Amino acid sequence: MQLKLTVPFNLDLSVSCGQSFRWRKINGFWYAPVGDSVWKVKQEGDTLFYEGASDADIIRYFGLDIPLDDILQDIDRDELIHSAVASCRGLRLHRQPPFECLISYICATCANIPGIQLRVENLAKMYGRELKSDGMTFYTFPNPEDLACESPENVRLCKVGYRDKYICGAAAYAAENPQWAADIFSMSYADAKRELTSLSGVGQKVADCVLLFAFEKYEAVPIDVWMERIFRTRYLGSEKKLSYEKAAGYAREHFGRYAGYAQEYLFAEREILAKKGE
DNA sequence: AGTGGACCTGCGTA
DNA sequence: CTACGCAGGTCCA
């Protein structure tokens, strides 16, 4: 199937910028298990070619229905973001499956992106279902029930380390409250964040990632070590480390209601914006 | 409200 | 080859 794009979109950047962890580029196509099937996607100019997903799936997952031009125009409020927008135009936030997103970011603490990918892949291999595509094997991300009945000791065999009990706890929460994701969708940002951070292993940063990447809460501004450094050195010129609230609060004040989108564009340019040692 | 140490694991570097 | 440092934080004192 194919789709003619009438809106800005950069597939390569969107799937490789670190918001999601299961996309792999093989022979020019991006593959990932999404939901119950393997998606295979390629972009050539303004045409998207894909298999394994419907038009509606593609539009929804990649957020092609979101008015990106309006958002970029809205957040374009200083020189740094202006250049990030110029370099990364077409980067779109995905709408990730909520449970997978939650567990993935629980796995993201004290790890780099390859390390996160490894842990998520291990969980899928151990507890997901096998899928074949073009002779390759993929694994669905496990359902909450698949993980909820496991002991932390077993889950730890997926090399998730101290996160084992957090993963089991989050799985139990999702399994016992099947409507959890619908509930969070309907909540305000503040209420949704309070709900997520009540889970053990989910602090402000993880909650904001999940709210931004799975629940369309654009007020969520995940502050990791990179973003703290960028806001401290490039925006506030502060000497001492910024508290989470200070950095995120500044971002919302400065960038407005799409501050989360601004964060993602700055994050994509982190190597350039945050020189080591500053 | 704010600070400091412990915590799994994999990977890069000495 | 082994040792150590560090990486998309969170929890607990």
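Quick caveat, the model's predicted, so the values are computed rather than measured. Letters go in sequence order (proteins before strands), and every chain restarts at 1.
Separation of the A:Tyr105 and A:Phe21 ring centroids falls under the 6.0 Å cut-off.
Rounded to whole angstrom, the span from the CG atom of A:Leu157 across to the P atom of B:dC8 amounts to 14 Å. Distance, A:Gln204 CD to B:dA1 P: 12 Å, rounded to whole Å. To the nearest angstrom, C1' of B:dT9 lies 17 Å from CD1 of A:Ile106. Atom pair A:Tyr244:OH and C:dC11:P shows a separation of 13 Å (rounding to whole Å applied). Here B:dT9 presents its C1' atom at 5 Å from CZ of A:Arg119, a figure rounded to the nearest Å. Distance, A:Ile103 CD1 to C:dG9 P: 18 Å, rounded to whole Å. Between the P atom of B:dG10 and the CD1 atom of A:Ile113 lies a distance of 18 Å, rounded to the nearest Å. Rounding to whole angstrom units, CD of residue A:Glu228 and P of B:dG2 are separated by 13 Å.
A salt bridge links A:Arg95 to A:Glu216: one of the charged nitrogens lies within less than 4.0 Å of a carboxylate oxygen.
Using a 4.0 Å heavy-atom cutoff across all strands shown, A:Gly201 reaches sugar-phosphate atoms only and no base atom. The residue A:Lys205 sits close to a base: some heavy atom pair falls under 4.0 Å. Among the heavy atoms of the strands lying under 4.0 Å from A:Tyr105 is at least one base atom, whether or not backbone atoms are also near. If you check every strand for non-hydrogen atoms under 4.0 Å, A:Arg156 touches sugar and phosphate atoms only. Residue-level contact check: A:Phe213 touches neither bases nor backbone, having no heavy atom under 4.0 Å from any strand. Using a 4.0 Å heavy-atom criterion, one finds that A:Ile116 contacts the bases of the nucleic acid, with or without backbone contacts as well. Note on A:Leu199: only backbone sugar-phosphate atoms sit closer than 4.0 angstrom, heavy atoms only; bases stay farther off. Nucleic acid contact for A:Gln19: base, since at least one base atom lies under 4.0 Å from a heavy atom of the residue.
In this structure, the nucleotide among C:dC11, C:dG9, B:dG10 sitting nearest to the side chain of A:Tyr166 is C:dC11. Which of C:dC11, C:dA7, B:dC8 sits closest to the side chain of A:Asn112 comes down to C:dA7. Checked against B:dC8, C:dG9, B:dG10, the side chain of A:Arg163 finds its nearest nucleotide in B:dC8.
For the pair A:Cys17 and A:Ser200, nearest-nucleotide mapping onto DNA chain C gives the more 5' position to A:Cys17. In terms of position on DNA chain B, the residue among A:Thr109 and A:Pro114 whose nearest nucleotide sits closer to the 5' end is A:Thr109.
A 6.0 Å sphere centred on NZ of A:Lys40 holds more than 12 heavy atoms belonging to other residues, nucleotides or ligands. Counted within 6.0 Å of CD on A:Gln179, heavy atoms from surrounding residues, nucleotides or ligands total more than 12; the atom is thus considered enclosed.
The ring pair (Phe, Tyr, Trp, His ring centres under 6.0 Å) test with A:Trp39 is passed by exactly one of A:Phe29, A:Tyr31, A:Tyr61: A:Tyr61.
Between A:Lys193 and A:Tyr189, the side chains place a donor N or O and an acceptor N or O closer than 3.5 Å (distance only, hydrogens not considered).
Rounded to the nearest Å, the gap between the C1' atom of B:dC11 and that of C:dT10 is 23 Å. Distance noted for atom P between B:dG5 and C:dG5: 15 Å (whole Å).
Of all nucleotides present, only C:dA3 satisfies the Watson-Crick or G-U wobble test against B:dT13, with each distance under 3.5 Å.
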